[in-house]
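Below you'll find the structure, written out as structure tokens, and then a few comments.
Per chain, numbering begins at 1; letters A, B, ... match sequence-line order.
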There are 2 protein chains.
Amino acid sequence: MTDTLEKQTSSALQPMLRKLGYWASLDSDDREAVLALPHTVKALSRNSYIVREGDRTSTSCVMLSGYSIRHKIVAGGARQIVAIHMKGELVDLQNSLLGVADHSVEMLTDGRVAIIPRDEVNRLAFERPNVGKAMWFDTLVDASIFREWVANVGRRDSRTRLAHLLCEFALRLKVAGLGEETHYELPMTQEQLADATGMTSVHVNRSLKGLEADGLIGRSTPRSIQIGDWRRLASTGDFNPTYLHLNERELA
Amino acid sequence: MTDTLEKQTSSALQPMLRKLGYWASLDSDDREAVLALPHTVKALSRNSYIVREGDRTSTSCVMLSGYSIRHKIVAGGARQIVAIHMKGELVDLQNSLLGVADHSVEMLTDGRVAIIPRDEVNRLAFERPNVGKAMWFDTLVDASIFREWVANVGRRDSRTRLAHLLCEFALRLKVAGLGEETHYELPMTQEQLADATGMTSVHVNRSLKGLEADGLIGRSTPRSIQIGDWRRLASTGDFNPTYLHLNERELA
DNA sequence: CGGGAGGTTGACAATCGTCAATCAGAGTGG
DNA sequence: CCACTCTGATTGACGATTGTCAACCTCCCG
């Protein structure tokens with residue numbers, strides 16, 4: 001824990017290690033094993049798909065830069081975004097371990113991912129229990145976020161729902177070392193915000209302006225969000241970060 | 001796989017074994033290890049809580065009989081049910097491994113559960129990789145169901161939403177060996193259906209009657225559901241069982 | 001300068017929630 | 001056996017949050 005100097009800074013999997021190390025303490029053997037995972041790095045452009053619903057995948061992947069989303073299409077063509085992923089996150093344990101993809105994963109922005117064979121992930125998980133626990137923990141936290149999203153779209157009004165998403169995003173960005181809590185750039189259009197919150201883009205626009213009018217957020221450009229009073233925004237968003245299962249120090 | 005005669009029929013954990021065996025093939029050592037998990041059986045009455053949001057739990061539990069739900073309370077007191085659990089299901093890997101519960105688990109009916117210390121579950125998972133894989137797989141399927149629920153609540157209209165839930169329930173009951181696909185008893189009130197689908201009880205009632213009026217379901221009593229034409233109900237419910245990740249044979 | 005994507009706004013419609021009354025069935029005590 | 005009570009189901013009238021449609025605006029980029 002204290003010898004934070006990493007030897008293998010050369011591996012592209014550094015962001016994954018950071019993430020796993022966040023959930024469980026890994027010794028140097030664990031870390032080496034993670035960084036030694038065979039993988040190929042791939043640059044992907046916005047709107048390209050990592051996995052399509054129905055695919056049979058046998059690889060997992062880790063976000064190295066950029067953002068991606070998971071989504072489902074319902075009858076009638078409407079789309080629901082069920083998760084947003086950022087640097088370091090394990091994007092597809094989910095689909096790959098289950099065999100046939102029950103949802104699609106799409107790049108939200110340009111970015112790079114590392115592709116890892118599923119079998120290698122599986123092997124590592126059981127050869128190095130610390131790593132396995134971290135990965136398991138990671139999937140459990142993902143599940144926790146899904147649950148919060150169910151509650152968010154199911155039982156909160158649109159204003160609260162949006163504010164909640166803005167809070168979650170802010171905090172996750174901060175934890176991932178990608179931004180401040182006071183200001184960040186949304187990587188998504190209002191239509192995509194709508195698909196994530198079960199609203200329409202028109203209503204997202206109105207709600208966003210509503211939050212702005214009430215001084216809860218500032219927007220120097222449509223996508224850049226400033227949060228003046230975190231407490232107040234969290235309160236209107238009914239945002240309690242417990243479900244993110246962060247370490248104590250992050251919740252200051 | 002072929003020698004299906006179980007020796008330890010005495011263990012209360014039989015339903016858990018059935019479930020895990022569904023996800024991965026377990027050899028006889030694996031099975032014995034599962035059944036040998038230390039546990040205490042507890043009878044719980046309807047509306048009693050297994051875990052409350054905010055609790056620090058160090059035990060997991062398995063449903064032996066009856067039904068339970070996971071739910072979250074949002075600002076204003078509204079409730080969202082995020083999962084329904086039935087016999088054999090591992091109800092609380094989720095909360096217990098994560099430390100502090102991000103949601104409550106409540107009995108929907110009278111029933112019995114087996115309480116297992118978290119550490120024992122953890123130990124078993126890594127001592128017997130087959131079992132560990134089955135448990136991991138189980139949590140991934142749970143997550144998949146959460147994703148479907150996000151889509152259900154976020155992007156489907158109330159009629160479709162309800163029909164979807166009825167289909168999911170029917171199929172899961174069948175797989176758990178608890179009923180037929182053509183007829184079953186709902187273990188929940190309309191208010192609870194509402195909390196699961198993000199609706200109000202009044203609207204659940206109307207939608208249910210709507211489905212009935214259109215001949216999609218029959219109801220001899222308010223809670224007993226008959227499904228005449230599965231295809232038609234599945235179609236109006238936009239129900240595609242992929243997300244349940246069942247074995248081929250179950251999807252006939 | 002033209003085209004396109006995304007953001008903004010208004011008028012209108014509708015799904016769904018709220019409130020409140022009534023009904024039906026199960027369990028209880030007399 | 002019957003009133004009484006409680007929970008859950010059902011129904012109607014009404015209101016409002018949110019969706020739909022469509023126009024227009026703004027910025028970016030070739």
Any salt bridge linking [X] with [Y]? Criterion: basic side-chain nitrogen under 4.0 Å from a carboxylate oxygen.
X        : Y        : result
A:Glu180 : A:Lys174 : no
B:Arg79  : B:Glu191 : no
B:Arg118 : B:Asp92  : no

Taking only residues two or more places apart in sequence, or in another chain, which ones meet B:Tyr184 in a ring-ring contact (aromatic ring centres under 6.0 Å, His included)?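 If we apply the ring-ring contact (aromatic ring centres under 6.0 Å, His included) test to B:Tyr184, skipping adjacent residues, the hits are B:Phe169.
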Between [N] atom [atom2] and [X] atom [atom1], what is the distance in whole Å?
X        : N      : atom1 : atom2 : answer
A:Arg219 : D:dC27 : CZ    : P     : 13 Å
A:Asn205 : D:dA23 : CG    : P     : 18 Å
A:Arg223 : C:dG6  : CZ    : P     : 7 Å
B:Asn47  : D:dT7  : CG    : P     : 11 Å
B:Gln190 : C:dC23 : CD    : P     : 18 Å
B:Lys209 : D:dT11 : NZ    : C1'   : 9 Å
B:Ile225 : D:dA9  : CD1   : C1'   : 13 Å
A:Leu193 : C:dG6  : CG    : C1'   : 12 Å

Taking only nitrogen or oxygen atoms into account, show me every contact under 3.5 Å that the protein makes with nucleotides 10-16 of chain C, one pair per line with its distance.
| unit_1 | atom_1 | unit_2 | atom_2 | d |
| --- | --- | --- | --- | --- |
| C:dG10 | N7 | A:Arg206 | NH1 | 3.2 |
| C:dA11 | N6 | A:Arg206 | NH2 | 3.3 |
| C:dC16 | OP1 | B:Ser158 | N | 3.2 |
| C:dC16 | OP2 | B:Ser158 | OG | 2.8 |

Among the nucleotides D:dG8, C:dG7, C:dA5, which one has an atom lying closest to any side-chain atom of B:Arg46? D:dG8
Could you give me the CA-CA distance, side-chain angles and deciding distance for B:Ser144 and B:His245, then say whether side chain to side chain contact (heavy atoms under 4.5 Å, CB included) is met? CA-CA 9 Å; B:Ser144 176; B:His245 296 279; 3.5 Å; yes
Base, sugar-phosphate alone, or nothing: which one does A:Arg155 contact when heavy atoms must sit under 4.0 Å apart?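 Here A:Arg155 touches no strand at all.
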Within a strict 4.5 Å, meaning less than it, do heavy atoms of the A:Leu216 and A:Ile227 side chains meet? no
